[in-house]
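What follows is a short report on a single structure.
Just so it is clear, the model here is predicted, and its values are computed rather than measured. Heavy-atom basis, side chains included; hydrogens, waters and symmetry copies ignored.
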Amino acid sequence: MNIQHIIESNVKKGFSTLYNTEIPSVEFQTTRKEFEGDITVVVFPMLRFKKGNPVQIGEDLGKYLVEHVSEITNYNVVKGFLNLVISDAFYLDFFNSIYKDENFGTAAAKEDEKAIMVEYSSPNTNKPLHLGHVRNNLLGFSVSEIIKAAGKKVYKTQIINDRGIHICKSMLAWQKFGEGETPTSTGLKGDKLVGNYYVKFDQEYKKEIANLIAEGKTEEEAKKEAPLLLEAQEMLRKWEAGDDEVVSLWKEMNGWVYDGFETTYKNMGVDFDTLYYESDTYLLGKDVVAKGLEKGVFYKKEDGSVWCDLTDEGLDEKIVLRSDGTAVYMTQDIGTAIQRVKDFPDVGGMVYTVGNEQDYHFQVLFLILKKLGFDWAKQLHHLSYGMVDLPSGKMKSREGTVVDADDLMVEMTTTAKEISEELGKLDGYSDDEKNELYKTIGLGALKYFVLKVDPKKRILFDPKSSVDFQGNTGPFIQYTYARIQSIIRKAEFDYSNSVTIDLHEKEKELLKQLALFPETIQQAASNYSPAVIANYTYDLVKEFNSFYQNVSILGEENQDKKIFRVQLSKKVADTIKIAFSLLGIQVPERM
């Protein structure tokens, strides 16, 4: 039982005993640094149930708690705040209970609990992954790991947008201008090769538009009548009709892209349990619309199109089937969600990691699925996130001005190398060890910079400032972890057994921060926010560094104190490692 629960139940009991009145809850806050105490009970809300002087009520409750709760050794009252001092014995018992727990903070999945499916990445197969995908992948992967650590089974998935006019544009440009080149013949990653032809299509298409305008067409007419676009539209029709030649080219070029994606995902450190392809799912949902029409969830307009009226819910009317019977994106998404639960019957909820420009789409999707009567539709969440900007401005795929994910990861590694060499901390490392470390630091910096920010906020990403060994950065936390490993390597004595000591104030502060880890994971899971984990870890590291600067560890003469301080340092390092693993970040043993 944690200390907050112990205090809450005893404050309620004390209030009832002292004033013959029940209070429904107790409000807590962290004790301010300038006052003695470890946890503070806020008295003011209690005045609704017992009129009186808040200082006197605090005094009464403080005396009661010291007399009746062995874990509380002292108290003081400041205005309406009751500051409680918790015994060293409580914190030592807590520490001894977690010291050898390798999974401290995490919860095991319950057998009967429904699984959560988390969707992220979901790229198009006409271009490589870019900076926006980096935030998407890091968020989706981290949220999956956090939900898992909070005690739920998780399936990681993506839907790959492998069909449509944009795919045909790359295919057509390759056919016309590619001269048969392949990833093997060029040495280019497949997704980059295909992406080059998406850019090439746009360049040639713009030339055709300019020529048609010069011949007297309006810009709108020119855009619609440009021969390249008409050819791409014809190619899409052939693909939908199953034309052997077009389908064969589509499979070959998509295959190149998947190989490229696989390399990027591996370098980024993200993975998936299952994949969905739009070419398989784009016809899903039509049968659901037919059933929804029968149930009155949808209605048909005079032109034959099918709609859902959401005006009673404060939204608008949403089309789910065009008048020619073809599906829209909403139809596919309805069908895909239902298909996923058929494929994985233990799924009881889904998280969609998609940028905030799609907020309205997901509001509508979730509402329609609820109206269709699916229980799991109550457990759907849109993990909406803001865009990532660079100092240089916005990115556009078709113009080739996108920041490529692979290039960004290489740049981060290079930046980590330059800064590490400036600091000169790597004497005695082999070249392979150095290169591995640069990658760990560079990727750690990138991931931490992206994940420490609340997902809903926009990010202005600056590679150089993210690789800083001071402040709220990944490398600063990694460096603290490596520093602790150095302490442990030098501790050439047996520190495996528990000891009893009087706690130093800095030890107590560190223990209090460690005690917050399990509830931090739960909070991060319920808020779908890796930022909660990132900022907790930074606070833990700051607390450790304060402890390190104020308390002797290996130089301590008292053997029991020395043992405890090594144990405490090791537990902090273990907790950093678990927390960073939830963010997909590795920690180096030496730096």
Side-chain angles (χ1 to χ4, degrees), residues 1-7 30-31 33 35-39 65-66 69-76 83-106 477 479-520 536-579 587 589-591:
M1 193 177 192
N2 75 26
I3 192 65
Q4 205 159 298
H5 293 156
I6 293 168
I7 296 169
T30 306
T31 305
K33 296 278 185 193
F35 303 119
E36 185 190 14
D38 302 302
I39 192 164
L65 292 170
V66 169
V69 184
S70 61
E71 291 86 357
I72 298 172
T73 59
N74 204 354
Y75 76 94
N76 63 85
N83 303 318
L84 301 172
V85 179
I86 310 302
S87 69
D88 286 3
F90 172 82
Y91 284 111
L92 286 167
D93 286 348
F94 156 73
F95 182 74
N96 290 331
S97 73
I98 66 161
Y99 176 56
K100 292 182 178 173
D101 180 0
E102 292 178 2
N103 302 309
F104 169 59
T106 66
I477 294 169
Y479 182 69
T480 301
Y481 176 87
R483 169 184 274 171
I484 298 172
Q485 297 313 304
S486 173
I487 293 168
I488 291 166
R489 282 193 295 273
K490 290 172 186 167
E492 295 174 341
F493 53 88
D494 181 10
Y495 55 86
S496 58
N497 295 322
S498 57
V499 291
T500 302
I501 59 166
D502 292 330
L503 289 175
H504 187 283
E505 166 199 355
K506 292 295 178 184
E507 292 166 334
K508 204 171 187 183
E509 289 302 320
L510 201 43
L511 286 165
K512 287 191 309 201
Q513 188 63 28
L514 278 174
L516 295 174
F517 190 46
E519 69 181 77
T520 300
Y536 165 83
T537 313
Y538 178 53
D539 288 341
L540 178 64
V541 162
K542 279 193 299 183
E543 207 60 70
F544 176 80
N545 284 322
S546 177
F547 159 78
Y548 179 79
Q549 284 153 16
N550 286 281
V551 175
S552 177
I553 301 175
L554 297 177
E556 171 58 53
E557 291 180 4
N558 180 294
Q559 188 65 13
D560 283 353
K561 285 185 179 180
K562 182 156 68 170
I563 286 169
F564 179 73
R565 287 170 188 174
V566 171
Q567 289 177 341
L568 182 56
S569 300
K570 183 178 185 304
K571 195 64 200 175
V572 169
D574 293 346
T575 305
I576 292 169
K577 188 172 188 174
I578 292 171
V587 282
E589 296 300 306
R590 295 193 299 157
M591 256 172 99

Pairing residues for [X] by the side chain to side chain contact (heavy atoms under 4.5 Å, CB included) criterion, not counting sequence neighbours:
X: Thr106; answer: Asn103, Ala149, Ile521, Ile578
X: Ser486; answer: Arg489, Lys490
X: Thr73; answer: Val85, Ser87
X: Gln4; answer: Asn2, Phe28, Ile39

So, using side-chain hydrogen bond (donor to acceptor under 3.5 Å, both in side chains) as the criterion, who are the partners of [X] when residues are at least two apart?
X: Lys508; result: Asp38
X: Thr575; result: none
X: Asn497; result: none

[X]: ring-ring contact (aromatic ring centres under 6.0 Å, His included) partners, not counting sequence neighbours:
X: Phe35; result: none
X: Phe564; result: Phe95
X: Tyr495; result: none

## Note on the structure
So the salt bridge (charged side-chain N to carboxylate O under 4.0 Å, His left out) pairs with at least one residue in residues 552-569 (sequence neighbours excluded) are Glu507-Arg565, Glu556-Arg565
### Message
Quick one, Tyr481 with Glu589, criterion side chain to side chain donor-acceptor pair (under 3.5 Å). Give me CA distance, side-chain angles, the key distance, then yes/no.
### Response
CA-CA 7 Å; Tyr481 176 87; Glu589 296 300 306; 3.1 Å; yes
#### Entry: Which residues share a salt bridge (Lys or Arg N to Asp or Glu O under 4.0 Å) with Lys542, sequence neighbours left out
Asp539
